[in-house]
**Student:** 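Sharing a structure below in structure tokens format, with a few things to ask.
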Amino acid sequence: MAMSRAVLEGRAEDTDGRLLLLDPSDNVLVVRARIPAGETIRVGGGVPVPVPADLPLGHKIARRPIAAGEKIVKYGAPIGTATVAIDLGAHVHVHNVKSDYTPTYHLLGGEAGR
Amino acid sequence: MTMRGWLRSDGRKGIRNTVVVGYLVECAHHVAREIALPFREEGVHVIGFPGCYPNAYAERMMERLCTHPNVGAVLLVSLGCESFDKRALERAVRATGRPVETIVIQGTGGTRKSIAAGRAFVAAQRAALDAAPTVPMDVSELVIGTVCGGSDGTSGISGNPAAGRAFDMLVEAGAACIFEETGELIGCEHIMAARAATPELGRELEASVAKAARYYATLGYGSFAAGNAEGGLSTIEEKSMGAYAKSGASPISGLIKPGDLPPRGGLYLLDVVPDGEVRWGFPNINDNAEIAELIACGSHAVLFVTGRGSVVGSAISPVVKICANPETYRRMEDDMDVDAGRIIEGRATLDEVGAEIRDLVIGLAAGGRTRSEELAHQEFVLTYKSFEPIGPACLPAA
């Protein structure tokens, strides 16, 4: 499937090597190695974006600005809806995404436990 | 590697030759555990059903588990007054040619005498099974299940797709492979249905996920634990897309329910969500309930993909733990059989790890043991459920 190729080849040239694009239609990138707070990341050749809090392995950031109400797309499939506008490079998680099926149960604080 | 197994009267072969001690109500659990304790690392496993009220699903599960190809002999432990039909289970086990005995604690004279009688039976059976001959076995005779637990944002990009590659290779070699948890396929139902062998089966696959969505909506929680969110998963759909990757890319041959045996090789979805109104609580209260159901469908071994770091194994069948997260692997290496996080760090490809998993599974039938077996993990959970039989479109045509 498409994502396996992405894992093998899939860092967009102008994007931080610690970020992984799983499918060309995705609007999020997956963190493939922990990114500490205070660093900057490059996304799609844009200006470097500061990282305000640690981004753990396996979490997601916005590949482009995402409007409130827009679908979050990962693996080329919708995985939920943005509840607020999300800036390019921002952490995408339970504080700004909701399920289109059942609500997500978590023990994280308002900042999604970063 | 030469695969070998123990031939059973129904033609299936086991890759283990275990003595099962099965309690038939929670009141007999302690006695069963004490009987098995001295044999803990000698292939004697405890399973059982805690409820005192009758349940057809639980009785069928116990029968399937006690006549599983990995099981060579069975001791049943009854308190005496529970509703479980112990004589029917005993007859079913005996009909397969396996040695079986039922200890009724109330009739035997209490805890101490029951433990002594049980240990004598187990010791005799263990000695006989240790001398039992094996026969050659082929990959096409294997049934392999897969489950994921303690998932995080890495599960869906390394461990689950690597398990899927292993499944593709095993199905290609003629094995039966089973993936499950329809509640963790919510959001993937349409892409999954497109892989069905027939359009009718595709509709059954979609219906099974719709049933799961209704069930979980009624309960108010999806099949999603707090730790999933801590690991970067934001919604059940995201978890589902990752979990779905475990199924690989083979066509889907059938849809089965707990206790149904795949009739031939191929890829099967196990529908674990009860039929009818919501009445027993959560479909599977934890990962081990799912593992028990995969084993009841004949799984010789179960591939367990974890990101956060599960440590569990199971009674009856080995559990192969595939760690998706390289940070978790470094922390919990002793519990893990496969380091799939190498894929994320660019140190291995999906195909390489998939082949490693396949070889490890084949090795389990050639003397290999899993980490959880070496650590004596033998978790087991069985709770109340009810199912209708599968429909005619669910199995491949004869």
**Student:** Given that the side chain runs from C-beta out, which part of A:A77 has a heavy atom under 4.5 Å from chain B: side chain, backbone, both or neither?
**Tutor:**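 A:A77 touches chain B through side-chain heavy atoms alone.
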**Student:** Of the backbone (N, CA, C, O) and the side chain (C-beta and beyond), which part of A:D100 lies under 4.5 Å from a heavy atom of chain B, both, or neither?
**Tutor:**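 Both parts, heavy atoms under 4.5 Å.
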**Student:** Is it true that the side chains of A:K98 and B:T235 contain a donor and an acceptor less than 3.5 Å apart?
**Tutor:**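 Absent: no donor and acceptor within the cut-off.
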**Student:** When rounded to the nearest 0.5 angstrom, what is the spacing between CD in B:E238 and NE2 in A:H93?
**Tutor:**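 These two atoms lie 8.0 Å from each other.
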**Student:** Are the side chains of A:L107 and B:E230 in touch, meaning some heavy atoms are under 4.5 Å apart?
**Tutor:**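 No, side chains not in contact.
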**Student:** Evaluate the side-chain proximity of B:F224 to A:T104: yes if any heavy-atom separation is below 4.5 Å, no if none is.
**Tutor:**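 Result yes, sub-4.5 Å side-chain heavy-atom pair found.
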**Student:** Are the side chain of A:H59 and the backbone N or O of B:G232 linked by a donor-acceptor pair below 3.5 Å?
**Tutor:**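 Checking the backbone N and O of B:G232 against the side chain of A:H59, a donor-acceptor pair under 3.5 Å is found.
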**Student:** Which distance, rounded to the nearest 0.5 Å, do you find between the OG1 of B:T328 and the CG of A:L57?
**Tutor:**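 Interatomic distance, B:T328 OG1 to A:L57 CG, rounded to 0.5 Å: 7.5 Å.
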**Student:** Side chain, backbone, both or neither: which part of B:A162 has a non-hydrogen atom closer than 4.5 Å to chain A?
**Tutor:**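 Neither part.
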**Student:** Nearest 0.5 Å please: distance from the CD1 atom of A:I79 over to the SG atom of B:C188.
**Tutor:**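 Rounded to the nearest 0.5 Å, the CD1-SG separation comes to 11.0 Å.
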**Student:** Need one label for A:V31: side chain, backbone, both or neither, based on atoms under 4.5 Å from any heavy atom in chain B.
**Tutor:**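 When you check distances to chain B, no heavy atom of A:V31 falls under 4.5 Å.
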**Student:** State, yes or no, whether a side-chain contact exists between A:Y75 and B:I157 at a heavy-atom distance under 4.5 Å.
**Tutor:**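 When only atoms from C-beta onward are counted, B:I157 and A:Y75 do touch, with a gap below 4.5 Å.
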